[in-house]
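Notes follow the structure.
All chains are named by letter (A, B, ...) in the order of the sequence lines, taking the proteins before the strands, and each is independently numbered beginning at 1.
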2 protein chains.
Amino acid sequence: MELHALFPQFDPELIALLEKVGQVVDFEEGSMLMRSGQYFKNSMLILDGRVKLYREGNDGEEFFLYHLEKGQACALSMICATKNESSALKAKAITHVKALAVPIQHMDELMQHHRQWYYFVLETYRSRFEELLEVLDQVAFHSMDQKLEFYLKRQFDSIQGDKITVTHQEIADDLNSSREVISRLLKKLESSKKIAISRNELTRLSL
Amino acid sequence: MELHALFPQFDPELIALLEKVGQVVDFEEGSMLMRSGQYFKNSMLILDGRVKLYREGNDGEEFFLYHLEKGQACALSMICATKNESSALKAKAITHVKALAVPIQHMDELMQHHRQWYYFVLETYRSRFEELLEVLDQVAFHSMDQKLEFYLKRQFDSIQGDKITVTHQEIADDLNSSREVISRLLKKLESSKKIAISRNELTRLSL
DNA sequence: ATACCCGTGTGACTCTAGTCACAGTATACC
DNA sequence: GGTATACTGTGACTAGAGTCACACGGGTAT
């Protein structure tokens, strides 16, 4: 397994343990790793692919939170697993995803005998917490055009490229807005030479 | 110390250790336990009093996140402490507060030798994460009147009473809105017999 | 080629919430 | 008592953003 490359901070002993108790699972593009109200029996470490996390509103609205990449872990899966609790998040595989499922019954051992593991868990939690706070900033303090810019930046950064394939409707959904509003705001971004718009595709110019 | 009563899940050995390495600190009403950009050298366990946590916007706006009560810990202080990182949160003592400061250099030992401690840390994080998600729900999916209702419920619940002393301006600040808007919405809640309004004070009727 | 679907562009309207100006009223402090 | 200082109430205006209706244009399937 390629654990060592993805988690260079783990020592060989920890990696051996993870390889022993963990199980590699595959998710097809578009499938759900996690659904609202579901319980966890494993912590999930992402080995390959990209996962999109949403918050789900009570009447089915969605709100984009953040992406998970390889080398990262689902913070909630680690904790909910520990506590056997559910959550109102949705995690969708937006590419084919390979993940390592570590059963919760090994958490005690991992936590207590592997310092790097608990550092990893805490750091995962902390960084997601911070990311959530940043999202909160956006919705609490900023107007739609600023939210849109922030959103686009995150998308571009996340794929480390300058071209994303997405429809205006999808953006509107992620931002819990409406297609017309997004279209108009995108036009404004295009006028100010920050992006280029084409069908199903946006290109970053100076964002 | 009253640690055993506040943290019944901790075993005597853990409590003894906390008593040995921790230091009780006092904060006056209105003082800041934590400021944006500040670094941590301790994990803070609240022994008595109430702490209000805000997110701070870039131009000085505030947004109310949640309260901390006795028996709880500041999630971020535990993690930031671990990582020696700062954060954009403000924590204000709204009553006199007594807290136990546990220096970060004991985190390794606590984590690895005391299962209840790491359960506690993870549970603290998980519950704050969930709380943050709920706040995010409110700002992402709901209109001001719904946010206000949610806010008021949390305030009433948090003091476990039906009367809070607060001005309309303070609520507006917490919700990043304006006084007039809050006044008008409160009037509506009064008309629908959900609350009673008097100067500096709101009473819950059927909220 | 034609018909259709999907994504996009646009104008008109409505509603929410923020702002401004100012009036009224309770409380505190001399 | 009287003045100053919060706190609250209200109308008028404005801006942002959501909705509705419909037009346009480029692909795709048959």
message: Once hydrogens and angles are ignored, does a donor-acceptor distance under 3.5 Å link the base of D:dC7 to the side chain of B:Arg179?
response: no
Take atom [atom1] of [X] and atom [atom2] of [N], then tell me their distance rounded to the nearest Å.
X        : N      : atom1 : atom2 : result
B:Lys147 : C:dT16 : NZ    : C1'   : 11 Å
B:Arg184 : D:dG11 : CZ    : C1'   : 8 Å
B:Met144 : D:dA17 : CE    : C1'   : 16 Å
B:Arg199 : C:dG24 : CZ    : P     : 16 Å
A:Leu189 : C:dT8  : CG    : P     : 15 Å
B:Asp173 : C:dG18 : CG    : P     : 12 Å
B:Glu180 : D:dT8  : CD    : P     : 12 Å

- prompt: Between A:His168 and C:dT8, does any side-chain N or O lie under 4.0 Å from OP1 or OP2?
  reply: yes
task: Would you please confirm or rule out a distance under 4.0 Å between OP1 or OP2 of C:dC6 and any side-chain N or O of A:Thr167?
output: no
message: Please pick, from D:dT19, C:dT19, D:dC7, the nucleotide with the shortest atom-to-atom distance to any side-chain atom of A:Ser178.
response: D:dT19
- line: Ranking D:dG18, C:dC6, C:dA17 by distance to the side chain of B:Val181, first place goes to C:dA17
- prompt: How is B:Ser143 classified with respect to the nucleic acid when contacts are heavy atoms under 4.0 Å: base, sugar-phosphate, or nothing?
  reply: sugar-phosphate
- request: Could you check A:Ser183 against A:Glu180 for side-chain hydrogen bond (donor to acceptor under 3.5 Å, both in side chains), going step by step and ending with a plain yes or no?
  value: CA-CA 5 Å; A:Ser183 284; A:Glu180 296 92 321; over 6 Å; no
